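Down below is the structure, laid out as structure tokens.
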Amino acid sequence: MDALGQALTILDYAAIAVFGASGALAAARRKHDIITFGFFAAVTGVGGGTLRDLLIDAPVFWIARWEYLAVCLAAAGAVWLLGWGRRGERLLLWLDALGMAAYAAFGALKATSLGVPPLPAVVMGVLTATFGGVIRDILAHEPSVLLRRELYVTPALLGASVFVGLHALDLPPMVSGLAGFLAAFAVRAGAILFHWQMPGFPGRTPPE
Amino acid sequence: MDALGQALTILDYAAIAVFGASGALAAARRKHDIITFGFFAAVTGVGGGTLRDLLIDAPVFWIARWEYLAVCLAAAGAVWLLGWGRRGERLLLWLDALGMAAYAAFGALKATSLGVPPLPAVVMGVLTATFGGVIRDILAHEPSVLLRRELYVTPALLGASVFVGLHALDLPPMVSGLAGFLAAFAVRAGAILFHWQMPGFPGRTPPE
Amino acid sequence: MDALGQALTILDYAAIAVFGASGALAAARRKHDIITFGFFAAVTGVGGGTLRDLLIDAPVFWIARWEYLAVCLAAAGAVWLLGWGRRGERLLLWLDALGMAAYAAFGALKATSLGVPPLPAVVMGVLTATFGGVIRDILAHEPSVLLRRELYVTPALLGASVFVGLHALDLPPMVSGLAGFLAAFAVRAGAILFHWQMPGFPGRTPPE
């Protein structure tokens, strides 16, 4: 169990590092300076969890522990120094899938452990997994990840729902969490590898 | 009084359903999938009230009661199934006016009842009535409702001000609330029917 | 010391007025009405401090004291009445530099005084100084101040860091705060006068 706890902590920091790096990427695209790199990395890395904590009235997780911000800044520095090859981008896509899946389960778990009912707990998982990227895109003045047809919110929703469902059946948190993580990751992997999509709105489009 | 309380509750859910449907519309415009429909409906439906609750340090209203999110998702499902004819859009415009007016008064009432002073309480009414739509537009990468010249913030401001003013005169909350609701709805109706506008900034426009 | 306390209060309101005026400017650019002027002035004026207070779980500063909102609205009224000449714009640029510098130090000071550790306290200074403008730009559907190459976040970061560093050396808050203010203002002044910039990302730009 202790090994699992350590694994969770490692996954937590890894997810933040990956989201932070994706924020730094947004800054790199516009040739920004190192300070802007750090700003985008921090906002993207901790943004989703920050919204979750504000909504469920928990202390914002990165205020009391400086390590979270340091991880974001390290990710920004790494992107700056290592540059951004095609291979790095592919790697990041997969790391991001891992981070998203981890956060979908982790966000739902944290909310559930604080007494949030099932449906809002699922929403917390989705927000934790996706909102860092949403804030990153808003700040970068780009269409948000929500507007891409690629499956991203859907796997987060599935992962959070699997966790909450299994947790309601009284399975141990680690089992439910792992199942939620795997469900989210599997669907996201399918979206990356096979370009899975959900059918779009079939009705008449309303005028602008 | 009980009947009025029930009316308030019904109005509360109706406003959320209408705002949720307008969020789903934003998703329909871009032919998104059902998950994105739900996401936009939820964010738009509960966004304004969420900001209000965070600012006045009240528990976020939809965390403890799952019904609010369920109403948003039902609205998203209804838009998906029923499609989006011209008649539906007209109906929604009027329902949105009802919801906005109800929320302007309700937001100011909730803030006042928690001891918020008059001027910030008016702001809470305005934010509750308008910010769901603002967040919807930001997420959809469209110019926000604030930037349209149509009267929208103004009726919300009027409704919240009327409530706070009458409340300061010690009128019963139901009377003040109803007056605020009617004031907001009347001006918004005028904007819809007669294209009422306020004069724009008359001065020289500063350079970009 | 009392004189210094008064100076801080004056600086606090002055910073809000200046940020509020810059919000009204965003509304003036698009010839909006007086209500939208007020909305933008309020959001820009109190936005950064609001985010800071939410994150560190302090009561949002403008809820209990209506004077802050009144200052924002007065700034909006002043921009409306006085119009917007070239001289006014130049003046505002310098007032904004003063406000930003004051808020970088003040935000870090408030966070530190509430027990926030050094690194997050620096972030609070940066957010207080810059996020009002970020929200203004997002609402106005313009690329945010973060995306300009001009030095703006950097002086805020420097000022907050100087404050936190000197405070860790046990210097009195007024001395640390003044040093932080001066550091931020000096670098921002250099950016205005001499167009100082930081080097942009030197690596290959990733594809969009």
Side-chain angles (χ1 to χ4, degrees), chain A residues 50-58 60 111-112 114-124 126-127 129-131 133-135 137-158 161 164 187 191 196-208, chain B residues 21-40 42-43 46-47 50-51 53-55 57-73 76 78-90 92 135-143:
Chain A
T50 300
L51 180 61
R52 175 200 61 214
D53 289 345
L54 288 177
L55 292 174
I56 62 179
D57 206 17
V60 175
T112 303
L114 289 171
V116 173
L119 185 55
V122 168
V123 173
M124 292 307 142
V126 173
L127 290 181
T130 62
F131 230 79
V134 169
I135 300 174
D137 294 339
I138 290 173
L139 292 182
H141 203 58
E142 289 175 6
S144 88
V145 70
L146 299 175
L147 300 180
R148 293 176 209 143
R149 290 298 316 281
E150 210 182 326
L151 290 190
Y152 197 91
V153 177
T154 302
L157 177 65
L158 179 71
S161 303
V164 168
V187 174
W196 287 355
Q197 286 197 352
M198 300 262 289
F201 177 56
R204 266 198 311 143
T205 309
E208 281 291 327
Chain B
S22 85
L25 165 65
R29 284 216 175 98
R30 295 177 178 239
K31 297 273 184 194
H32 278 295
D33 61 39
I34 185 72
I35 303 296
T36 308
F37 263 62
F39 196 100
F40 270 88
V43 167
V46 305
T50 300
L51 180 61
D53 289 345
L54 289 177
L55 291 175
D57 206 16
V60 174
F61 70 102
W62 53 272
I63 300 288
R65 299 193 54 185
W66 59 271
E67 291 89 344
Y68 290 106
L69 284 175
V71 165
C72 293
L73 299 181
V79 170
W80 182 278
L81 291 176
L82 298 176
W84 202 269
R86 189 161 281 283
R87 188 176 301 184
E89 206 178 341
R90 193 80 192 160
L92 189 83
I135 299 174
R136 174 198 64 216
D137 294 339
I138 290 173
L139 291 182
H141 203 59
E142 289 175 5

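Throughout, a chain's letter reflects where its sequence line sits, starting with A, and its residues are numbered from 1. It should be emphasised that the depicted structure is a prediction, and the values quoted were computed from it without experimental measurement.
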Inset, instruction - Heavy-atom distances under 4.5 Å only: say whether B:Y68 touches chain A with side chain, backbone, both or neither. - result: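 When you check distances to chain A, no heavy atom of B:Y68 falls under 4.5 Å.
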
Inset, instruction - Please look at B:L139 and chain A and tell me whether the side chain, the backbone, both or neither of the residue comes under 4.5 angstrom of a heavy atom of that chain. - result: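 Both backbone and side chain.
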
Taking side chain as everything from C-beta outward and backbone as N, CA, C, O, which of these in [X] sits under 4.5 Å from a heavy atom of chain B? Side chain, backbone, both or neither.
{"X": "A:P143", "result": "both"}
{"X": "A:I138", "result": "side chain"}
{"X": "A:F131", "result": "side chain"}

Legend entry - Among A:T154, A:L157, A:T130, side chain to side chain contact (heavy atoms under 4.5 Å, CB included) partner for B:F39: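 The side chain to side chain contact (heavy atoms under 4.5 Å, CB included) with B:F39 is passed solely by A:T130 among A:T154, A:L157, A:T130.
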
Gap separating the [atom1] atom of [X] from the [atom2] atom of [Y], nearest 0.5 angstrom:
{"X": "A:Q197", "Y": "B:D33", "atom1": "CD", "atom2": "CG", "answer": "8.5 Å"}
{"X": "B:I63", "Y": "A:M124", "atom1": "CD1", "atom2": "CE", "answer": "3.0 Å"}
{"X": "A:M198", "Y": "B:H32", "atom1": "CE", "atom2": "NE2", "answer": "12.5 Å"}

What are the two closest heavy atoms between [X] and [Y], and how far apart are they?
{"X": "B:I35", "Y": "A:V153", "answer": "CG2-CG1, 3.7 Å"}
{"X": "B:W66", "Y": "A:L119", "answer": "O-CD2, 3.7 Å"}
{"X": "A:P199", "Y": "B:W80", "answer": "O-CH2, 3.6 Å"}
{"X": "B:A64", "Y": "A:P117", "answer": "O-CG, 3.8 Å"}

